[in-house]
Amino acid sequence: MAICLIFENPDQTQEQAEQVLAHVGSTGPVPPEGARLMVAGPANPGWRVISVWDSEDARDRFFAERLTPAYE
């Protein structure tokens, strides 16, 4: 069963979001393995990402291996 995740960060600027997305893109394919869809864009205020995953394991692996390091 697919899993949808909606993430909103009202404090994130477009510049910060672009830096995170650039880092994620430099570490592997986008969308990553196990992701069916990834859409990111400005919210009011901040930034919003909507993603659809094949499984919780795929999502968790992406967060641990690629997304968390991008935020660090």
Mind checking the [atom1]-[atom2] spacing from [X] to [Y]? Nearest 0.5 Å is all I need.
| X | Y | atom1 | atom2 | result |
| --- | --- | --- | --- | --- |
| N44 | E8 | CG | CD | 10.5 Å |
| L67 | R59 | CG | CZ | 11.5 Å |
| R66 | H23 | CZ | NE2 | 9.5 Å |
| E18 | Q12 | CD | CD | 10.0 Å |

Exercise for review: Sort and list the pairs that fulfil ring-ring contact (aromatic ring centres under 6.0 Å, His included) and have at least one residue in residues 27-61, not counting sequence neighbours.
Suggested key: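 Found W53-F62.
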
Which atoms form the tightest heavy-atom contact between [X] and [Y], and what is the distance?
| X | Y | value |
| --- | --- | --- |
| A64 | P69 | O-CD, 3.6 Å |
| D54 | R36 | OD1-NE, 2.6 Å |
| V30 | G25 | CG2-CA, 3.8 Å |

Review point. Is V20 linked to L37 within one hydrophobic cluster, defined over Ile, Leu, Val, Met, Phe, Trp and Tyr using a side-chain heavy-atom separation of less than 4.5 Å?
Key: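 Hydrophobic grouping puts V20 apart from L37.
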
Exercise for review: Report whether F7 and V24 are members of the same hydrophobic cluster (ILVMFWY, side-chain heavy atoms less than 4.5 Å apart, transitive linking).
Suggested key: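 As far as the 4.5 Å side-chain criterion goes, V24 and F7 are connected within one cluster.
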
**Study point:** Residue pair L5 / F63, side-chain heavy-atom distance below 4.5 Å
**Key:**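 Yes, their side chains come closer than 4.5 Å.
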
